[in-house]
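Below is one structure; the comments refer to it alone.
Throughout, a chain's letter reflects where its sequence line sits, starting with A, and its residues are numbered from 1.
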Amino acid sequence: MNRRDALSALVALPLITRRAWAGEVPPDRQGTLILRSLAYDRNLKTRAAAAVSVLVLFRNGNQPSESMKTDMVGAFEELAKSVTVLGRPVNVSSHPFVDAASFEEKVRGVQAAVVYVCTGFDGSLAPISEVTRRRSALSVASSETYLAGGLSIAIVARGTKPTIALNLPASQAEGCEWDPMFLRLAEIAK
Amino acid sequence: MRVIRGVILVGCVGFVSLANRMARADPPNASSPLPPSDTPATAAPASSSPSPAPSSPPATTAISPAAEPSHPPQKNTDISSVSLGSLLQTDVNVSTFGSAAYRLPKQGYSIYIHGTANLGAVAQDKADPTGLREVGGDPWTFVRMAFNFFAGASINDVVFVESEMKAAPVGDPDDPMSIRYAQVDVRIAGDYLLARVGEFFVPMGGLNVYPDPDYLHKFPDTPLLYRHVVPQDWSEVGFQLYGRVPLGSLYGSYALYAVNGLEQRVEVGSAGTPAAGSTEGGGALFDLAFNHLDLNSRAKSLGGRIGLDSEDGLGIGISGYTGPYTIDGRESLHIGDVDLSARFGQLSLKAEGALTIQEIAGGHLTKKGFYALASYRVCPEFEPMLRLDGITIGGTPAYDRTQLGIGAIVVPYPEKASTLMLKAAYYAAWDGDGNFATNRVSALLAVAF
């Protein structure tokens with residue numbers, strides 16, 4: 001490859017990536033939207049402890065899931081350095097899903113207000129949502145298919161704009177009471 | 001990276017908040033570029049100001065006064081002071097730098113870039129015969145022995161792509177970086193069988209099997225056999241099958257390959273025909289490599305290596321290569337190599353011997369070389385070493401060398417920067433007739449990153 005080919009490839013790469021990845025929101029934007037959404041939950045103060053604890057759930061041995069965990073934990077940690085949610089600092093932790101019992105123990109231990117579910121859980125969301133509902137932790141993902149699986153919020157892209165897709169019954173089952181303004185801005189999943 | 005990400009993030013939050021503040025500065029009925037106020041009563045920070053319920057009409061007021069931050073949002077910004085509507089109206093710019101680094105891993109692409117640098121100085125009291133060494137040292141010179149970049153990707157642990165770009169000591173000033181290898185590996189059957197295509201380091205001996213022999217070899221200069229008996233940093237374009245098999249507590253490894261092979265460049269005379277003697281063979285090994293395209297002969301070269309290794313550092317390998325190297329394919333070149341390594345606590349031993357039979361018109365040249373190296377890591381910061389190496393180039397005692405080297409590796413930060421090392425050595429060399437030839441010193445600062 002000569003220099004001209006290399007430059008052509010570099011120029012073309014953003015176009016390719018824009019087309020190929022048009023449905024996703026970068027982790028830092030996801031993190032900002034998730035924390036901002038939390039502030040609309042009128043029950044957050046009762047669900048969260050002195051700090052707003054975000055737990056990133058991933059699947060061990062699943063490379064895409066582990067990569068997503070790394071990115072989301074990094075994004076939340078950066079956010080935690082500069083922002084608070086309703087005056088509360090943000091704590092971040094991660095957990096590899098093995099079984100519902102150990103997951104619930106982790107949620108309880110860190111007093112998670114939010115559980116971010118990474119990719120890699122297609123078809124196996126039921127035990128996760130059972131725990132998040134029992135422990136009143138808001139479940140969030142980056143795929144709308146996870147809403148159908150019982151999770152509450154998905155941060156997705158519509159064209160070039162980010163969108164908050166909301167599974168309202170699921171989020172209510174997880175103890176959230178949304179401000180009407182949030183319900184106007186979010187896209188309620190049917 | 002995290003710092004940059006943090007700066008961008010704080011900047012992003014700050015920008016949106018600033019936009020909110022500017023919007024709020026508009027007259028109450030002025031049209032705002034931002035969405036209607038979306039801050040709920042409960043979203044206000046635990047501040048002294050009460051927060052009336054949002055009642056502003058859509059598309060007229062940016063945000064309720066209750067949400068206005070009391071100071072510019074930088075550190076410790078409460079997220080509730082940021083307009084969610086604004087966040088949702090901001091484009092997701094998927095083509096920004098870094099987005100691919102996030103998105104590709106989700107598809108199982110693990111991408112990396114790293115490098116090595118070997119920079120220092122070489123000095124020698126007398127000049128060697130032309131071409132004996134890549135860096136002569138007389139007069140003494142600073143040297144960029146190698147500055148290499150490696151870029152690659154692992155795709156779901158099935159496909160592996162990697163390339164090395166190298167800035168060599170002597171390079172084309174207009175294009176100082178050259179590709180040393182550019183290969184694609186495909187896992188076919190676990191670790192047992194992988195296929196490799198492209199340009200790859202020829203698995204010959206105990207050093208050329210790894211990326212960047214200059215960095216990995218303990219001494220600042222690689223042994224002379226890696227120039228005159230086996231080409232230095234030898235890569236070829238072709239196809240390879242390789243793998244690794246557990247054998248009890250040991251591992252067996254193998255590699256078989258077919259490549260374009262070494263080829264002696266043809267000097268073209270004024271009439272456009274090969275210059276006299278240039279097709280007869282016998283060229284120096286280091287000049288025969290990097291034959292990326294077979295333009296003269298369709299014959300390919302074949303080779304392989306088998307090895308046996310243990311977890312505790314014992315290793316033995318046998319390598320072989322054969323193929324034509326003159327443009328008419330009449331003369332061939334055959335290389336055999338045996339390498340050994342062992343580790344006993346802090347003591348490391350390495351040895352290698354190579355034999356090249358190079359056919360020429362009416363006969364052949366026999367080129368032999370060896371090295372034996374011992375090093376002892378006294379402490380994490382210091383490793384003295386000793387090396388004996390030599391070459392015998394058929395019929396030219398002036399080029400033959402036996403060389404004794406003594407040196408040390410200093411690792412100044414074994415915990416904080418374990419890949420940073422200063423390698424220094426002194427060599428005394430004798431020619432093929434037993435006459436003392438040269439004193440040579442070299443020192444390199446080497447680092448992998």
Side-chain donor-acceptor pairs of residues 86-97 of chain A under 3.5 Å, sequence neighbours excluded:
residue : atom : partner : partner atom : Å
R88(A)  : NE   : A49(A)  : O            : 2.9

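Using modelled atom types, one side-chain atom of K161(A) and one backbone atom of Q89(B) make a donor-acceptor pair closer than 3.5 Å.
Here the side chains of R36(A) and L87(B) are in contact, with some heavy-atom distance below 4.5 Å. The shortest distance between side-chain heavy atoms of D78(B) and V83(A) does not fall below 4.5 Å. No side-chain heavy atom of T77(B) sits under 4.5 Å from any side-chain heavy atom of T84(A). Contact check for I164(A) versus L84(B): side-chain heavy atoms found under the 4.5 Å cut-off. Proximity of I79(B) to T32(A): side-chain heavy atoms (C-beta onward) are separated by under 4.5 Å at one or more points. A 4.5 Å side-chain heavy-atom check between D157(B) and Q63(A) finds every atom pair outside the cut-off.
The CG atom of L88(B) sits 11.5 Å away from the CZ atom of R158(A) when rounded to the nearest 0.5 Å. The OG atom of S80(B) sits 10.5 Å away from atom CG of L44(A), with the distance rounded to the nearest 0.5 Å.
The number of heavy atoms from other shown groups lying within 6.0 Å of OH (Y192(B)) does not exceed 12.
Listed by chain and residue number, nothing satisfies the ring-ring contact (aromatic ring centres under 6.0 Å, His included) test with F290(B) (two or more places apart in sequence, or in another chain).
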